[in-house]
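When a ligand or atom number is given, it counts from 1 through the structure's own listing order.
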Amino acid sequence: MTLEEKISLVVGVGMLDRKDNPKGRVSGAAGETVEIERLKIPAASFADGPAGLRIHHDREGDTGKYHTTAFPVETMLASSWNRTMLRKVGEAMGREVREYGVDFLLAPAVNIHRNPLCGRNFEYYSEDPLLTAEMAASFIEGVQSQGVGACIKHFVANEQETNRMTVDTVVSERALREIYLRPFEIAIRKAKPWTLMSSYNKLYGSYTSQSRWLLMEILREEWGFEGFVMTDWFAGDDAAKQIEAGNDLIMPGKSFQNSPQRKSECEEIRLAIESGDLDLDTLDERVKAILRILVRTPAFSGYEYSNSPDLDVNAAISYEAGCEGVVLLKNESALPLSAGAPFAVFGTGQIETVRGGTGSGETHPAYTVSLLEGMEERGLAVDKEVAEFYRRKIEELRSADYSISYGMWNEEIRPRLPEDLFDEAALDELSNRNEAALVVISRISGEGRDRRLEKGDYYLTEDESKLIAGVSKAFRKRGKRVIGILNIGSPIEVESWAGLFDGILLLWQPGQEAGRILADVICGSVNPSGKLPTTFPRTYEDVPSRSFPGEPADNPSVVSYDEGIYVGYRYYETFRVKPVFEFGFGLSYTDFEYSDTEIILEGEEVIISLIIKNTGSTAGKEVFQVYVKAPKGRIDKPRLELRGFGKTDLLQPGEEEKLTVRLSKEELASFDGYRWIVEQGEYEFLIGASSRDVRSTGKVRL
Ligand code: BGC
């Protein structure tokens with residue numbers, strides 16, 4: 001390769017279809033590498049994202065449709081705690097990637113739910129590194145089984161949107177290793193993603209895409225990563241430093257189109273080579289890293305993609321994944337609804353259902369089944385007049401003062417609709433003729449902005465509060481049940497109003513099959529089996545990441561992860577702060593009994609086995625969790641940490657299953673600031689249905 005060819009390969013071709021940049025092979029893809037005709041190196045195509053392939057469904061001068069499937073958001077996928085399901089979702093997305101001519105899916109995202117207000121939490125799995133890693137590894141295996149690449153992102157310490165392109169994250173090395181790097185480490189070792197995306201932020205003063213310590217020492221030398229690293233889009237400020245540090249590919253290329261102070265990245269690299277600041281051997285290493293992967297892509301083998309993946313099959317997988325991720329948070333004889341009993345549905349989210357968040361994690365499916373449509377399609381006895389009222393009212397509002405506009409991602413911006421639409425007399429009448437009420441609360445967030453600690457976001461609006469209070473009073477007066485449906489991507493405040501409901505169902509942002517999932521869960525044909533991958537704190541004041549989103553608060557340049565390793569339940573459990581719904585929590589329509597727990601040390605492995613029996617009268621699945629309390633030694637330890645988990649098959653009433661988790665000693669290690677250590681002493685194993693609902697314990701001395 002000539003020097004020019006090498007330099008051109010390590011820089012993307014620019015934002016596709018903008019200015020005089022190439023249009024790209026796939027309309028709506030996020031980027032491409034350069035084609036080098038002389039060497040028969042084709043352009044490779046990259047597209048988002050975690051909830052489904054994001055490409056344009058309409059193309060100029062083309063009557064064809066290029067829809068993709070909208071899957072549940074990552075947080076909901078993680079609520080399934082089901083590795084097989086994640087693999088299946090990965091396979092489905094991988095098929096769409098391949099059949100639409102894309103080579104790399106820009107997913108999964110494995111940043112940590114450090115704070116409930118991070119605007120992209122919905123794109124991330126969990127507050128726990130192990131659950132995150134296991135979900136990501138299965139997903140990556142699924143995607144790559146289809147002959148296309150996955151991209152694990154954003155490496156690393158990128159847990160907020162506020163000033164994400166400049167903020168400097170300061171975190172102890174222990175917390176970095178145990179909490180934030182851990183998901184990358186485990187998923188890379190297990191599933192070998194073809195690519196990794198460095199993040200926007202700085203870490204200890206240097207951009208992650210310009211950190212040799214991260215990209216060479218940790219990623220390659222310690223973990224043996226064999227793929228290539230790309231920047232996040234327009235990240236960092238020096239292309240030569242990125243190449244030097246081990247960031248192989250600079251995406252999307254042509255930063256100067258946005259930042260006039262920059263030269264072209266190719267120019268920056270060329271000058272650095274000429275001046276001797278960048279070694280030619282280093283550039284060669286980057287080129288090789290990219291080529292070693294490119295030769296595996298469909299583009300390289302000239303794969304003739306069909307542009308017609310089987311969207312029906314994938315819709316069924318999206319539905320199935322959604323059903324496994326619904327979390328039943330409260331149930332005082334409220335659900336499932338009695339067959340045929342009429343019920344009224346309140347809240348505009350029943351029609352304007354939020355299937356996922358905005359930004360690069362947005363999707364373009366052929367349809368979204370709204371909650372109302374799903375319930376009607378399944379023939380549930382929804383109050384038709386109320387439904388009709390909402391249809392008309394929303395249409396009227398949207399065509400007048402509440403019209404939809406479009407944001408910087410071309411995403412819809414929908415002014416918040418009024419929710420308090422029924423007076424006391426109307427509610428009284430509705431509670432007379434219906435047996436139950438559902439109230440839908442919806443939230444949306446997305447890339448580029450964090451959520452707000454305000455009414456309408458973390459808190460209910462005045463309107464929503466009035467609606468809930470009114471419905472609750474009217475229906476409960478007649479002994480009828482009131483059920484809250486949370487159509488949200490990340491926790492909101494629930495403590496102050498949860499008491500007004502007899503049942504609360506967390507539907508998350510469930511993708512295109514939303515309404516079908518809800519209908520089948522509330523009528524009982526699907527028994528919810530999801531458990532929380534993230535804590536719902538009692539009040540925001542309890543959240544340990546108090547420094548979020550950094551300092552100075554109005555325009556942060558630094559964010560210190562002062563809570564260290566005490567993120568999520570590690571904090572709540574260690575410091576005895578009771579959350580409203582704890583990590584790992586989720587109810588079922590049936591009951592499970594845990595028995596015959598055995599914990600034995602066999603050579604270098606701890607083997608935990610137990611029996612879970614369905615003792616209720618409905619078929620169901622149960623997620624069990626293995627927490628470990630490590631001995632106090634040289635360093636402090638959380639009161640418990642998730643070290644393993646599993647999910648039963650669908651157990652019929654009376655049926656039982658034996659489950660086993662094997663843990664190597666290394667999986668019990670802590671980072672002492674310098675190295676991973678397994679402290680000697682007694683390890684307590686707590687087998688739980690959640691982080692607070694421990695069913696059996698046992699000890700092993702290591
Ligand atoms: C996001 C990435 C995404 C990329 C390409 C960036 O703004 O942070 O997650 O993959 O854009 O769309």
Side-chain angles (χ1 to χ4, degrees), residues 11-18 21 24 26-33 44-56 68 73-75 93 97 100 102-112 118-125 132 136 139-140 143 148-167 169 183-184 193-202 207-209 227-236 247 249-255 257-259 356-364 407-411 445-450 489:
V11 180
V13 299
M15 270 318 251
L16 300 175
D17 211 11
R18 303 248 173 104
N21 304 346
V26 183
S27 172
E32 268 187 12
T33 49
S45 173
F46 300 70
D48 291 299
L53 178 64
R54 184 174 67 97
I55 56 174
H56 291 154
T68 59
V73 296
E74 270 193 16
T75 311
M93 280 196 215
V97 170
Y100 277 127
V102 176
D103 301 285
F104 296 94
L105 179 70
L106 301 173
V110 300
N111 300 94
I112 292 289
C118 170
R120 291 184 88 172
N121 273 350
F122 70 96
E123 288 191 70
Y124 308 146
Y125 292 111
T132 300
F139 177 82
I140 293 165
V143 171
V148 295
C151 174
I152 190 165
K153 67 187 188 184
H154 312 84
F155 191 68
V156 62
N158 174 199
E159 274 73 32
Q160 66 186 53
E161 291 302 284
T162 308
N163 288 357
R164 64 177 178 162
M165 300 199 64
T166 50
V167 79
T169 305
F184 289 96
W194 290 8
T195 68
L196 170 143
M197 189 187 290
S198 46
S199 55
Y200 281 128
N201 55 290
K202 294 175 188 157
Y207 284 109
T208 59
S209 62
F228 70 80
V229 177
M230 70 186 87
T231 60
D232 199 346
W233 268 228
F234 303 110
N247 199 113
L249 176 63
I250 296 165
M251 289 302 271
K254 303 200 178 153
S255 285
Q257 291 177 337
N258 294 350
S259 317
T358 58
S360 60
E362 153 92 280
T363 51
H364 304 295
M408 71 175 207
W409 293 88
N410 204 30
E411 77 280 13
S445 72
E447 190 174 345
R449 213 184 98 165
D450 285 316

What is the minimum heavy-atom distance between Trp233 and Ala30, and which atoms define it? NE1-O, 2.8 Å
Please assess Phe184 against Val110 for the test side-chain contact (heavy atoms from CB on, under 4.5 Å), listing each intermediate value before the final yes or no. CA-CA 7 Å; Phe184 289 96; Val110 300; 3.4 Å; yes
Mind telling me whether Phe46 and Phe104 have parallel, tilted or perpendicular rings, with 30° and 60° as the class edges? parallel
Residues Cys118 and Tyr124: closest non-hydrogen pair is SG-CE1, 4.2 Å
contact_flag Met251 ligand 1 heavy-atom lt 4.0 Å: no
Give the contacting part of Arg164 toward ligand 1: side chain, backbone, both or neither, where contact means a heavy-atom distance below 4.0 Å. side chain
Check ligand 1 against Ser360 and write out every atom of the ligand that is under 4.0 Å from a heavy-atom position of the residue. 1 (C), 2 (C), 3 (C), 9 (O), 12 (O)
Indicate, as side chain, backbone, both or neither, the part of Arg120 found under 4.0 angstrom from ligand 1 when only non-hydrogen atoms are considered. side chain
Within the 3.5 Å criterion, strictly below it, is a donor on Thr358 or Arg449 matched to an acceptor on the partner's side chain? no
Provide the number and element of each atom of ligand 1 under 4.0 Å from a heavy atom of Ala30. 5 (C), 12 (O)
Between Ala109 and Glu74, which heavy-atom pair has the shortest distance, and what is it? O-OE1, 2.6 Å
Looking at every non-hydrogen atom in both residues, tell me the closest pair between Ser198 and Ser209 and how far apart they are. OG-CB, 3.4 Å
Judging by distance only, is a nitrogen or oxygen of Glu447 under 3.5 angstrom from one on ligand 1? yes
Checking side-chain contact (heavy atoms from CB on, under 4.5 Å) against Gln160, which of Asn121, Asp450, Thr169, Asn201 comes through? Asp450
For Lys153, counting its heavy atoms only, list the atoms of ligand 1 lying under 4.0 Å from any of them. 2 (C), 3 (C), 9 (O), 10 (O)
Please report which non-hydrogen protein atom sits nearest to atom 12 (O) of ligand 1, along with the residue it belongs to and the distance in Å to one decimal place. Asp48 OD2, 2.5 Å
Which residue holds the protein heavy atom closest to atom 11 (O) of ligand 1, what is that atom called, and what is the gap in Å? Asp232 OD1, 3.6 Å
Atoms of ligand 1 close to Met197 [distance to a heavy atom under 4.0 angstrom, numbered from 1]: 10 (O)
Determine, using heavy atoms of Tyr200 and all atoms of ligand 1, whether some pair is separated by less than 4.0 Å. yes
Let me confirm one number: the NZ-CG distance from Lys153 to Leu106, rounded to the nearest 0.5 Å. 5.5 Å
For Arg54, is the nearest heavy atom under 4.0 Å from an atom of ligand 1? yes
Which protein non-hydrogen atom lies closest to atom 9 (O) of ligand 1, naming both residue and atom, and how far is it? His154 NE2, 2.7 Å
